[in-house]
Amino acid sequence: MNIRLSKDWEAAVRVIEKIEKAGYEAVIVGGAVRDYLLDKEVNDVDVATSAMPDEIKKIFNSTVDIGIAHGTVLVLDEGQPIEVTTYRTEGIYIDFRRPEQVTFVKNLEKDLERRDFTINAMAMTKSGELIDLYGGQQDIQNGLIRSVGDPNTRFREDALRMLRAIRFSAQLGFSIENKTLKAIQQDSDLIEFIAKERIHMELSKMWVSRKVYDGINALIESHLAKYLVGDFEKHLEEWRYFNTTSSEVGWAYLCLLNRNQLSDIIHFYKLSNKEKNFIRNVLNAYQALLNRWDELDYFQYDLFTLEAAYDFAIWQNVKVPFKKEHIAMVKSNLPIQSMNQLAINGNHLMEWTTKKRGPWIKVALDAALLAVLKSHIKNDEEHLKEWFLHEFNDEG
Ligand code: ATP
Ligand code: MG
């Protein structure tokens, strides 16, 4: 087999060689092997090893303890950072969650057995020999997400896996194998035991996946949607054309479709301040779009926000009387792009009047901004002074 030589993969191979030289086993595992077989760009290349974490730290000069309790050491020696994790099983599962405790084991088979899906449970040696104990390669060929072992058992160990099945199916365009899907339908209520941060992470990955509509459909079909906030069934069709490279756009669109549950969504999924700010902006921009954007809208929202609001209209089949390219054009043709490009500021106004400093300054500057944006006044000091003395100075 010829290994496609991504930088990460090459670094992982060098890491493996060093570990082997020290007398231990090491292989590439998980998502990297899956993506390699799918001919997809391989980014994070994870290495699993029979060596214990402290042994790994002895082999390499430069390491970071990023998850020692779980057996993970970040090796920095080889240019690209590579995560090296000691073969392990997971401790006892309590409350349908992944345990904090893990047990290190000596062989790879045990390590692969704890992994969620067959496509994620393969390993590869440094020379490209595939270790596939659960038919992962076949499932990749058939486009199937299948639990390793009995699906009900696996979902009761860690209920997040149910949502991961749906996320991977949306990312890869795969179907969920029948028994696996049935088990999710039976155990869907267990998702309520899972930390919302983990749910947030999976859905964030789903928003930027290729097949979000299929993912939403799978949420409904699997019954998981019942235990999540937001009405997925009612809005299914509005997801049909949804497509983005930004998870924030996904969260904002979920909020838009479920405006009546806005604060529930924000709390349930523990959205970050950054996400909340974006949502507030894009929902305002969307509302403004419905009443037609004016110069101030083009000025105050950044291009990304405007384009997202535009997409929201299109995805919901709301007619917009201009093309998307129009947005960037109008925005770049505004007389000024930011407030500090306005030829005057509060100090100018203070010079031109005997009035005391006060809230009127902001009112006047906003009016000046609008007049400049609408090209009613040229953006230079002379014209703005004339305008100001005429419009503002005679007021009390
Ligand atoms: P990506 O990083 O592209 O989202 P990935 O397959 O690398 O995909 P991760 O969440 O990074 O997914 O997990 C790495 C590997 O760890 C998985 O491929 C899988 O083998 C295993 N894994 C992760 N989460 C679980 C889980 N909840 N239960 C069982 N195994 C898991
Ligand atoms: Mg990963």
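- The closest donor-acceptor contact from the side chain of Asn379 to the backbone of Val372 lies at 3.5 Å or more, if one exists at all.
- Taking the ring centroids of Trp387 and His376, they lie at or beyond the 6.0 Å cut-off.
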Please test Val27 against Met124 for side chain to side chain contact (heavy atoms under 4.5 Å, CB included), starting from the C-alpha separation and ending with a verdict. CA-CA 6 Å; Val27 287; Met124 201 172 256; over 6 Å; no

Begin from the C-alpha positions of Glu157 and Glu90 and carry the test side chain to side chain contact (heavy atoms under 4.5 Å, CB included) through to its verdict. CA-CA 10 Å; Glu157 289 170 356; Glu90 297 187 331; 5.8 Å; no

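- Inspection of the Ser127 and Thr125 side chains reveals an N or O donor paired with an N or O acceptor under 3.5 Å.
- Residues Val249 and Met201 do not share a hydrophobic cluster, defined by chaining ILVMFWY side chains whose heavy atoms lie under 4.5 Å apart.
- The hydrophobic cluster containing Tyr241 also contains Phe312, counting ILVMFWY residues as joined when their side-chain heavy atoms lie under 4.5 angstrom apart, directly or transitively.
- For the residue pair Asn340 / Ser338, a side-chain donor-acceptor distance below 3.5 Å is found, with atom types taken as modelled.
- Trp207 meets the side-chain hydrogen bond (donor to acceptor under 3.5 Å, both in side chains) test with no other residue; sequence neighbours excluded.
- Salt bridge present: Asp65 and Lys57 bring a charged side-chain N and a carboxylate O closer than 4.0 Å.
- Looking at His70 and Thr86, their side chains never come closer than 4.5 Å, going by heavy atoms from C-beta outward.
- Separating the OG atom in Ser222 from the CG atom in Asp187 is a distance of 11.5 Å, to the nearest 0.5 Å.
- Figure legend: cation-pi geometry between Lys110 and Tyr87 absent, as NZ or CZ is not positioned both under 6.0 Å from the six-membered ring centre and within 45° of its axis.
- Considering all non-hydrogen atoms of both residues, Ala12 and Val47 come closest at CB-CG2, 4.0 Å.
- In terms of modelled atom types and a separation under 3.5 Å, the side chain of His383 and the main chain of Lys378 share no donor-acceptor contact.
- A centroid separation of less than 6.0 Å is found between the aromatic rings of Tyr310 and Phe322.
- The nearest pair of heavy atoms linking Tyr24 to Ala51 is CG-CB, 3.5 Å.
- In this structure Ser188 satisfies the side-chain contact (heavy atoms from CB on, under 4.5 Å) test together with His223, Leu224, Tyr227, sequence neighbours excluded.
- For the pair Arg259 and Leu256, the tightest heavy-atom approach, listed with the atom from each and the gap, is NE-O, 2.8 Å.
- Of all heavy-atom pairs between Ala123 and Val29, the closest is CB-CG1, 3.8 Å.
- The pair Arg34-Asp139 fails the salt-bridge criterion, with no side-chain N (NZ, NE, NH1 or NH2) lying under 4.0 Å from an Asp/Glu carboxylate O.
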Check the pair Tyr301, Lys331 against side chain to side chain contact (heavy atoms under 4.5 Å, CB included), reporting the backbone distance first and the verdict last. CA-CA 9 Å; Tyr301 299 113; Lys331 192 168 171 61; 6.0 Å; no

Would Glu237 and Arg240 count as a salt bridge (charged side-chain N to carboxylate O under 4.0 Å, His left out) here? Give the steps. CA-CA 5 Å; Glu237 280 317 305; Arg240 187 174 286 277; 2.8 Å; yes

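- To the nearest 0.5 Å, the span separating OH on Tyr286 from CG on Asn284 amounts to 13.0 Å.
- With rounding to the nearest 0.5 angstrom, the CD1 atom of Ile140 is 5.5 Å from the CZ atom of Phe174.
- In this structure, the separation between CD1 on Ile131 and CG on Leu108 is 5.5 Å, given to the nearest 0.5 Å.
- The closest side-chain donor-acceptor pair between Asp132 and Gln137, if any, does not fall under 3.5 angstrom.
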Begin with the C-alpha distance, continue with both residues' side-chain angles, and end with the deciding distance and a verdict on salt bridge (charged side-chain N to carboxylate O under 4.0 Å, His left out) for Asp116 and Arg154. CA-CA 7 Å; Asp116 48 7; Arg154 303 310 309 284; over 6 Å; no

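- Ring to ring, Trp239 and Tyr213 are not that close: their centroids are 6.0 angstrom or more apart.
- Between the Ser332 side chain and the Ala328 main chain, a donor and an acceptor come within less than 3.5 Å of each other.
- Using a 4.5 Å cut-off between side-chain heavy atoms of Ile, Leu, Val, Met, Phe, Trp and Tyr, with links allowed through other members, Ile220 and Met162 fall into the same hydrophobic cluster.
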Verdict with reasoning, Thr49 to Thr85, per side chain to side chain contact (heavy atoms under 4.5 Å, CB included): CA-CA 6 Å; Thr49 180; Thr85 305; over 6 Å; no

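- Here the closest non-hydrogen pair linking Val45 and Ala32 is CA-CB, 3.9 Å.
- Screening Glu10, Glu20, Glu17, Glu25 against Lys126 for a salt bridge (charged side-chain N to carboxylate O under 4.0 Å, His left out) leaves a single residue, Glu20.
- Rounded to the nearest 0.5 angstrom, Ile314 CD1 and Asn243 CG are separated by 13.5 Å.
- Leu37 and Leu144 fall into different hydrophobic clusters, where Ile, Leu, Val, Met, Phe, Trp and Tyr side chains are chained together by heavy-atom contacts under 4.5 Å.
- For Glu233, the CD atom is loosely surrounded, since the number of other residues' heavy atoms within 6.0 Å does not exceed 12.
- Both Leu289 and Tyr298 belong to a common hydrophobic cluster when Ile, Leu, Val, Met, Phe, Trp and Tyr are linked at side-chain heavy-atom distances under 4.5 angstrom.
- Under a 4.0 Å N-O distance rule, the pair Lys324/Asp311 qualifies as a salt bridge.
- Here the straight-line distance linking atom CD of Gln287 with atom CG of Asp297 works out to 11.0 Å at 0.5 Å rounding.
- Counted by atom type alone, His235 and Glu238 present one or more donor-acceptor pairs between their side chains at under 3.5 Å.
- For the pair Glu351 (side chain) and His348 (backbone), a donor-acceptor distance under 3.5 Å is absent.
- Looking at Leu76 and Thr63, their side chains never come closer than 4.5 Å, going by heavy atoms from C-beta outward.
- Ion pairing between Lys385 and Glu382 fails under the 4.0 Å rule for side-chain N and carboxylate O.
- Taking the charged nitrogens against the carboxylate oxygens, Glu307 and Lys323 have no contact shorter than 4.0 Å, which rules out a salt bridge.
- Taking the charged nitrogens against the carboxylate oxygens, Arg88 and Asp111 have no contact shorter than 4.0 Å, which rules out a salt bridge.
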Might you work through the salt bridge (charged side-chain N to carboxylate O under 4.0 Å, His left out) test for Asp158 and Arg198, ending with a clear yes or no? CA-CA 11 Å; Asp158 177 5; Arg198 297 180 76 203; 3.0 Å; yes

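- The backbone N or O of Phe155 sits nowhere less than 3.5 Å from a side-chain atom of Arg161 that would complete a donor-acceptor pair.
- When all heavy atoms of Leu262 and Ile279 are compared, the closest pair comes out as CD1-CG2, 4.4 Å.
- A donor-acceptor contact shorter than 3.5 Å is absent between the side chain of Gln316 and the backbone of Val318.
- Ring-plane geometry between Trp352 and Phe388 is classed as tilted, the angle between the planes lying from 30 to 60 degrees on a 0 to 90 degree scale.
- With hydrogens and angles ignored, the 3.5 Å screen pairs no side-chain donor or acceptor of Asn258 with any backbone N or O of Gln261.
- The aromatic rings of Tyr253 and Trp315 sit perpendicular, their planes meeting at an angle over 60°, well past the 30° parallel limit.
- Between Ile191 and Ile199, the closest side-chain pair of non-hydrogen atoms falls below 4.5 Å.
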